[in-house]
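To start, the structure itself, in structure tokens.
The chains referred to below are lettered A, B, ... by the order of the sequence lines, with proteins before strands, and numbering in each begins at 1.
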Number of protein chains: 2
Amino acid sequence: MVSAPTLGRRRQRRSGEREKSIRAAALRIFRQKGYHAASMQNIADAVGLYKGSLYYYVSSKEELLVRLFEGRADQVLGELRVITDGTGTCTEQLRAMVRAYVLGVLRNLDSVRVYLHEEHVLPPAALRHVHAEQRTMRDLFEGVIDDGMRDGTFVGTDPKLAALALLGMCTWVHRWYRPRGRLTETAIADDFAERAIRMLNV
Amino acid sequence: MVSAPTLGRRRQRRSGEREKSIRAAALRIFRQKGYHAASMQNIADAVGLYKGSLYYYVSSKEELLVRLFEGRADQVLGELRVITDGTGTCTEQLRAMVRAYVLGVLRNLDSVRVYLHEEHVLPPAALRHVHAEQRTMRDLFEGVIDDGMRDGTFVGTDPKLAALALLGMCTWVHRWYRPRGRLTETAIADDFAERAIRMLNV
DNA sequence: CCGTTTCTACCGAACGGTCGTTTGGTATAT
DNA sequence: ATATACCAAACGACCGTTCGGTAGAAACGG
């Protein structure tokens, strides 16, 4: 037993695809019915397996949920940091941030809905991590708003409250947006970016 | 059996109080754990009964939830209608509406959280009713915004989108507000009312 | 006022069902 | 021949709900 037996390439790929399809089905079904109302049987049906067979890929239902949360905020957080580390004015930065955030929500609707709706099911460690992500997100907006207030670009008394107002407006789109609706993603993002600026000017 | 036997006054009152305490406990527990994760045993424990005994007052867990939704939006809807039917300018009306809405959320946190979180558990008829309430709420805001755009008080292109942005900002407070926090209810309501106006002016 | 009956409010156990998870087995590909 | 990917059945726990029973208060008859 010198070297671990190499897994066949085709098998490995098929197995990886199966795992992905399980996670995709779980995401969709958790979003539709909610975590508690969704059963392992539902997920198994969706991928064409017996529910017991899911445990070849997944150790528990809870783990399945926890993994759905992992890395979900990274892309938007990265985009936001690139913007705040850049050279734009406060107004330009905030406009770009709102755009990135709203597009992030609109382009990952299922993930966002599960992320916001099933938070309370997470085990303590995972929950703390999610809360930390949300705090970071808030801090990034608050920082730009605070900068703008200091240099007179923005007016108002409470950057924290302003950030919460702004994030609320942007986050709430996940509740009413329908992919084939009247408005395009970018139309909404641009409108909200403009509205955010107005909200902070006098 | 000419007249139904009169229920003793004391009994009647005690029984009514018990029913109220069951609903209050259900509201609190549904809010804390979510509808599906909350058990009838949890509710029974909270009021000091055996879980089977709850069915003397309630016909099912689902009915318990449905009743928690009933009339929950009426007060705020009434206040909003009084404002829109009044004689104020668009700006004055919108400011008052945002104030009323935000205060309605802040002063009924548990109800609002269950209302927004457990919607999807409702049977079809009750769900339609809730959606109708939400549509009415949106229409009231949209109407005032539309009036303001026509007469030049407000600027912008899409009253529907503006209403959604505004409602998102105001509704989202239920996620971050903590009763004994830094800011008072009225401070938040006033700030948001001002922000709403700014959002619609150029 | 007292004895009897009636009904309320609740107990305590049980039931049927569903759920997440485990396990022993097996066909297939390597 | 060996590990993989999956089946098929079963298990134990828990859930919402039902139900026969009962202590005690209220209503009733005298």
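- Within the 3.5 Å criterion, the main-chain N or O of Arg28(B) finds no donor-acceptor partner in the side chain of Lys33(B).
- Heavy atoms of Ala37(A) sit nowhere under 4.0 angstrom from any nucleic acid atom.
- The distance from atom CD of Glu62(A) to atom P of dC19(C) is 18 Å, rounded to the nearest whole Å.
- If you measure from atom OH of Tyr55(A) to atom C1' of dA9(D), you get 15 Å, rounded to the nearest angstrom.
- Per the geometry, CD belonging to Glu63(B) stands 14 Å off C1' belonging to dG16(D), to the nearest Å.
- Within the nucleic acid shown, Ala44(B) has no heavy atom closer than 4.0 Å to any nucleic acid atom.
- Distance, Leu65(A) CG to dC19(C) P: 17 Å, rounded to whole Å.
- Tyr56(A) has its OH atom 12 Å from the P atom of dA3(D), to the nearest Å.
- In this structure the side chain of Phe192(B) never reaches within 4.5 angstrom of the side chain of Tyr101(B), judged on heavy atoms.
- Leu68(A) has its side chain out of reach of Tyr115(A): every pair of non-hydrogen atoms, C-beta onward, lies at least 4.5 Å apart.
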Inset, instruction - In sequence, state the C-alpha distance, the side-chain angles, and the governing distance for Arg150(A) and Asp146(A), and then conclude on salt bridge (charged side-chain N to carboxylate O under 4.0 Å, His left out). - result: CA-CA 6 Å; Arg150(A) 279 184 212 284; Asp146(A) 202 39; 2.8 Å; yes
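- The NZ atom of Lys33(B) sits 12 Å away from the P atom of dC14(D) (whole-angstrom rounding).
- Taking only side-chain atoms of Leu49(A), from C-beta outward, the nucleotide of dC7(D), dG16(D), dC11(C) with the closest atom is dC7(D).
- Side-chain proximity of Lys51(A) to the nucleotides dT8(C), dA5(D), dT21(C) is greatest for dT21(C).
- Contact check, Ser53(A) against dA5(D): no side-chain N or O comes under 4.0 Å of OP1 or OP2.
- Backbone-only contact: Ser39(B) has heavy atoms under 4.0 Å from sugar-phosphate atoms and none from a base.
- Separating the CG atom of Leu54(A) from the P atom of dT21(C) is a distance of 10 Å, rounded to the nearest angstrom.
- Closest to the side chain of Met40(B), from the set dG16(D), dT8(C), dG20(C), is dG16(D).
- The distance between atom CD of Gln41(B) and atom P of dG12(C), rounded to the nearest whole Å, is 12 Å.
- Remark: the Tyr56(A) side chain and the Glu19(A) side chain contain no N/O donor-acceptor pair separated by less than 3.5 Å.
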